[in-house]
Engineer: 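Handing you this structure, nothing more for now.
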Protein chains: 2
Amino acid sequence: MNHRLHDRAANSLPEACPGLRMTPQRQEVYRVLMGRRDHPTANEVHSRVKKRLPNISLATVYNCLETLVDHGLIRQVNFERESSRYCPNVKEHGHFHDAASGAIHDIEFKPGVNLSDFLDLPPGAVIEDIEITLRGKLAAS
Amino acid sequence: MNHRLHDRAANSLPEACPGLRMTPQRQEVYRVLMGRRDHPTANEVHSRVKKRLPNISLATVYNCLETLVDHGLIRQVNFERESSRYCPNVKEHGHFHDAASGAIHDIEFKPGVNLSDFLDLPPGAVIEDIEITLRGKLAAS
DNA sequence: CCAATATCAAGAATAATTCCAATCTAGGAG
DNA sequence: CTCCTAGATTGGAATTATTCTTGATATTGG
């Protein structure tokens with residue numbers, strides 16, 4: 001079994017991140033995301049965080065999420081026009097959205113592949129961010 | 001030069017599409033999208049359409065766009081949390097968002113490539129829709 | 001031509017997110 | 001240790017894109 005990506009303890013703190021003050025709120029938001037590696041919306045994060053910080057406001061959750069995203073500790077993912085979701089998998093990856101269950105699975109690139117191997121990029125394009133989302137079904141097994 | 005994708009006359013009508021009633025509003029929305037192959041928002045489409053149909057409402061533009069999308073005549077594309085944009089290129093393709101100019105370029109797949117060539121898909125996944133968005137810059141030429 | 005159905009328009013309603021102003025807090029300077 | 005300040009948090013208001021609702025219109029099949 002391959003745990004390459006998921007080996008950080010669920011309740012560990014992010015290592016010191018320059019310019020980021022680790023407040024209790026940010027810590028808990030981060031902990032909650034690491035603890036259950038689904039792709040919760042800000043609202044879902046809020047619900048989960050409230051178990052330990054009952055007074056935290058949704059605005060603060062949004063702030064924390066934004067800060068963590070800005071510092072590269074988590075990723076924000078958008079599907080269609082739905083609420084943004086947040087993902088603790090910082091590695092470059094895509095998502096597969098199972099229409100039947102609603103579940104979202106991380107999709108990794110095969111090792112060694114290069115964007116320009118399969119896409120006709122405009123000449124001189126410098127890619128800073130990639131977003132790949134697939135929608136479909138898992139065949140009944 | 002390769003015009004494979006863009007050879008439909010700009011003001012042509014979509015060929016008969018089962019179950020789609022081609023009203024003047026839908027026709028004009030479609031015409032406007034075909035005429036300028038950028039990626040306008042519903043609002044931009046509304047402005048453009050109003051030149052010929054001054055009384056059309058934004059709600060109708062939304063309705064028309066949704067209908068055209070449902071019938072596969074245009075595609076809806078979402079970048080981040082911005083307004084949806086609409087794209088007359090129905091072929092499977094991705095988008096490159098130039099951070100500097102804000103321009104959006106269609107990106108084609110290299111011929112013959114297969115999703116599973118570069119992505120680790122979950123076993124049994126049947127992909128129904130692909131969305132690939134790149135963000136970056138065009139190197140100064 | 002008439003009834004059934006689909007479309008349109010205008011504005012109200014919704015939902016996610018951001019903004020704002022008023023506290024609050026942590027950490028460094030003294 | 002205490003004060004000061006920058007940054008963080010809060011709750012609620014504001015914003016924005018989009019959808020919904022309702023009544024009026026138009027179109028089509030019979």
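Every chain is numbered from 1 and lettered A, B, ... according to where its sequence line falls, protein lines coming before strand lines.
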Engineer: On DNA chain D, does the nearest nucleotide to A:R81 precede the nearest nucleotide to B:R21 from the 5' side, or the other way round? Give the residue.
Structural biologist: A:R81
Engineer: Send over the distance from A:L58 CG to D:dA13 C1', rounded to a whole Å.
Structural biologist: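 Rounded to the whole Å, the gap is 14 Å.
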Engineer: Without decimals, in angstroms, what is the distance between B:H46 NE2 and C:dG11 C1'?
Structural biologist: 13 Å
Engineer: Atom CD of A:E80 to atom P of D:dA17: distance rounded to whole Å?
Structural biologist: 19 Å
Engineer: Side chain of B:A59 only, please: which of D:dT10, C:dG11, C:dT17 is the nearest?
Structural biologist: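 Among D:dT10, C:dG11, C:dT17, the one nearest the side chain of B:A59 is C:dG11.
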Engineer: Just checking, any donor-acceptor pair under 3.5 angstrom between side chains of B:N63 and B:T60?
Structural biologist: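 B:T60 and B:N63 do not have a side-chain donor-acceptor pair below 3.5 Å.
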Engineer: To the nearest Å, how far apart are B:N63 CG and D:dA17 P?
Structural biologist: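 Going from B:N63 (CG) to D:dA17 (P), I get 18 Å.
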Engineer: Could you tell me the separation between the CD atom of A:E44 and the P atom of C:dA15, rounded to a whole number of Å?
Structural biologist: 16 Å
Engineer: Tell me what A:N55 touches on the nucleic acid: a base, only sugar-phosphate, or nothing, going by heavy atoms under 4.0 Å.
Structural biologist: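 A:N55: backbone/sugar contact only, no base atoms under 4.0 Å.
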Engineer: Looking only at side-chain atoms of A:Y62, point me to the closest of D:dT9, D:dT18, C:dA16.
Structural biologist: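 Among the listed nucleotides, the one closest to the side chain of A:Y62 is C:dA16.
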Engineer: Is it the case that atom NZ in B:K137 sees more than 12 heavy atoms from other parts of the structure closer than 6.0 Å?
Structural biologist: no
Engineer: Report the nucleotide, chosen from D:dT9, C:dA9, D:dA17, that has the shortest atom-to-atom distance to any side-chain atom of B:S57.
Structural biologist: C:dA9
Engineer: Say whether B:V77 and A:I132 are linked into one hydrophobic cluster, either directly or through other cluster members, by side-chain heavy-atom distances under 4.5 angstrom.
Structural biologist: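 B:V77 and A:I132: separate clusters.
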Engineer: The side chain of B:Q25 lies closest to which of these nucleotides: D:dT18, C:dT17, C:dC8?
Structural biologist: C:dC8
Engineer: Can you pull out how bent the helix from C:dC1-D:dG30 to C:dG30-D:dC1 is, comparing the axes over its first five and last five pairs, to 10°?
Structural biologist: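 Here the helix ends are tilted 30° relative to one another.
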Engineer: Which part of the nucleic acid, if any, lies within contact of A:S84, taking any heavy atom under 4.0 Å across all strands shown: a base, the sugar-phosphate backbone alone, or nothing?
Structural biologist: sugar-phosphate
Engineer: When the distance from NZ of B:K50 to P of C:dC8 is rounded to whole Å, what number comes out?
Structural biologist: 17 Å
Engineer: Grab the CD-P distance between B:E66 and D:dT19 for me, whole Å please.
Structural biologist: 6 Å
Engineer: Let me confirm one number: the CD-CD1 distance from B:E92 to B:I127, rounded to the nearest 0.5 Å.
Structural biologist: 10.0 Å
Engineer: Using heavy-atom distances to pick each residue's nearest nucleotide on DNA chain D, tell me which of A:T60 and B:E82 is more 5'.
Structural biologist: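 Whichever sits nearer the 5' end wins; that is A:T60.
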Engineer: A:N114 vs B:F118, test: side-chain contact (heavy atoms from CB on, under 4.5 Å). Steps then yes/no.
Structural biologist: CA-CA 8 Å; A:N114 202 298; B:F118 57 95; over 6 Å; no
Engineer: Is B:T41 close enough to D:dA17 that one of its side-chain N or O atoms is under 4.0 Å from OP1 or OP2 there?
Structural biologist: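 Checking B:T41 against D:dA17: no side-chain N or O falls below 4.0 Å of OP1 or OP2.
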Engineer: Quick one: side-chain hydrogen bond (donor to acceptor under 3.5 Å, both in side chains) partners of B:S47, sequence neighbours excluded?
Structural biologist: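 Residues passing side-chain hydrogen bond (donor to acceptor under 3.5 Å, both in side chains) with B:S47: none at all.
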Engineer: On the nucleotide D:dT9, are OP1 or OP2 found under 4.0 Å from the side-chain N or O atoms that A:T23 carries?
Structural biologist: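 For A:T23, the contact criterion (side-chain N or O under 4.0 Å from OP1 or OP2 of D:dT9) is met.
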Engineer: Does this structure show an ion pair linking B:D38 with B:R48, if we count only N-O contacts that are shorter than 4.0 Å?
Structural biologist: yes
Engineer: Could you tell me the separation between the SG atom of A:C64 and the CD atom of A:Q25, rounded to the nearest 0.5 Å?
Structural biologist: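 These two atoms lie 6.0 Å from each other.
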Engineer: Starting from P on C:dA9, measure out to CD on B:E28 and report it in whole angstrom.
Structural biologist: 13 Å
